[in-house]
Every structure is written in structure tokens, then in C-alpha cells.
K.L.:
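Submitted below is the structure of interest, expressed as C-alpha cells.
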Amino acid sequence: MRYENIVVLTGAGVSADSGVRTFRDNGGLWEEHRVEDVATPEAFTRDPELVQRFYNLRRAQLATIEPNPAHTALARLQGEHAGQVTIITQNVDNLHERGGARDVLHMHGELGKVRCVRCDAVHTWAEDCTQQTACPGCGEVPALRPHIVWFGEMPFYMDEIARRLRDCDLFISVGTSGNVYPAAGFIAEVRSAGYAHTIEVNLEPSAGVSYFAECRHGRAGELVPKLVHELLTE
Ligand code: OAD
């Protein structure tokens, strides 16, 4: 393969073929819930039980969904490519890992973790979490919040992501509408470094489509396995 360091950015569209609702499509999550009610620090201060319930439902859904061919193809790319393949995801589900990927950078957090606002410990979590649940580390109540990056909060791993973007020679964006920064700006960062090839894979052209050198429009579950096959056999 002519590429050494590959960075793949994924969004809700990569999990859509697993039955996970996206945010901004018709029937998307943000049609039913206002971001200000469930996905900001202010919402958690105002009505923590509502916010906990919203994420408890989504956490419980993890047990009912399975990785699709896009997840397993990206894991295959990671496993078979001689160079580095970094998966950066905006998704809070665990389908990349369950599809076999490793070292996934969950820049918007993970449904399968909670964080203590008293002692800062992060705990792997599969159950419901309420304001009555004690932190397993410090024992305080109430203490636990979803380990999710809400609007107005700083995404995780930004220094590491900046390094990987600067060093990549292939940047692939899969299933993201390109509306939410900083992820929406990664393509501009890659382009300013000047030498990487850039590919968008999305159901429809994203907000940033014009910045990509190559675009493939259709379902991630079909297009990503094809792309991975091409890359591994070229
Ligand atoms: P969006 O819902 O904004 O965009 C999903 C994109 O996936 C759309 O452009 C769809 O066209 C595309 N899509 C849908 N089905 C697809 C399929 N089967 N195959 C390929 N593409 C498909 O989701 P994100 O861009 O991931 O943040 O949203 C970014 C962030 O906004 C999320 O991480 C979340 C949200 O608010 C937080 O909660 C912090």
C-alpha cells in the first residue's frame, strides 16, 4: 500500500447500519431531545435524573446492537496494514471495539464508562446510573455522571489527535455530517499539513465535502469494506 499512517474519523453514520440512530438525519436523536435538555453541563445541573435516564437508555441499547461490516472492515485494516491506523470516533457506542478494533480514540466519551465528579475516577459501567449510585472509588453520593463530552466541554485526546492528523498520509472520514467542531475541522488540519490523500464516505455529501479529494456516497456498511479491500490489495 502506498500509505503509511492512516487516520479514520468516524461519526454516527458508521453505526447507522447497526440500528443506532444518528443525530441530525430524519428521525435523529436531536429531533426528539433538545441538546440543551440532555447534552450540556447546565442540563445536568438542572435535571440530573433526566440526563442520567437519557444515557441509561442509550447504555442499555448497547446490549441489543452488533457491529456491522464497516466496523469489522476498519478493524481488519488496523490488523492487516503494516503501518499505523488510528481510529478517532465521535461515537459513544462500543461497536468499533466489539468489531475488533483497538486503541480507539473516543473523543466524545463512552457510554460504557461513568466519571466521578468528586474524585475524578473513571469507571467501566454497564448498569443504570442514578443520583443515588455511590462512586465505587470514593463512596460519595451523588457523584457519578456519564463519561460523555457534552456541548461546551473539551473533547478528549485533542493533543494526541493533533499529532496523528499532522502525521497522516491518508485521512478517511466516515458517517459524519461535518457539523460539530472540532471534529468537523480535522479535514482542514489535514489539508494544511499538505500531503495526505483525503476520502469522505457518507450517505450524502457532508457539510465539508468540498475539502475532500475523493468522495464515496452510500451506506458505510457497504462502502467501507470495499474501500478497505482496495487499500489492502492495491
Ligand atoms: P450526524 O447525525 O450529525 O451525521 C450523521 C451522518 O451520517 C449524516 O451525514 C448521514 O448522512 C450519515 N449517514 C446516515 N446513515 C449512514 C449510513 N448508513 N452510512 C453512511 N453514512 C450515513 O452525526 P455526527 O456527525 O456523528 O456529539 O455528529 C457529531 C456529533 O454531534 C456527535 O458525536 C454528537 C452529536 O451532537 C455529542 O453528543 C457531543
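Order of appearance sets the numbers: ligands from 1, and atoms from 1 within every ligand. What's counted below: heavy atoms across the whole structure, side chains too, no hydrogens, waters or symmetry copies. Since the structure is predicted, the reported quantities are computational estimates derived from the model, not experimental observations.
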K.L.:
Any chance the side chains of His217 and Glu200 put a donor and an acceptor closer than 3.5 Å?
P.N.:
yes
K.L.:
Quick one: sort the His197 and Tyr3 rings into parallel, tilted or perpendicular, breaks at 30° and 60°.
P.N.:
parallel
K.L.:
Looking just at side-chain N and O atoms, do Asn56 and Arg53 make a donor-acceptor pair shorter than 3.5 Å?
P.N.:
no
K.L.:
Protein residues near ligand 1, heavy-atom distance below 4.0 Å?
P.N.:
Gly11, Ala12, Gly13, Ala16, Asp17, Thr22, Phe23, Arg24, Asp25, Trp30, Gln90, His108, Val149, Phe151, Gly175, Thr176, Ser177, Val180, Asn202, Leu203, Glu204, Gly218, Arg219, Ala220
K.L.:
Let me know which of Asn68, Thr64, Leu95 forms a side chain to side chain contact (heavy atoms under 4.5 Å, CB included) with Val20.
P.N.:
Leu95
K.L.:
Can you list everything that forms a salt bridge (Lys or Arg N to Asp or Glu O under 4.0 Å) with Glu230? Sequence neighbours excluded, please.
P.N.:
Arg216
K.L.:
Take atom OH in Tyr211; do more than 12 heavy atoms of anything else shown fall under 6.0 Å from it?
P.N.:
no
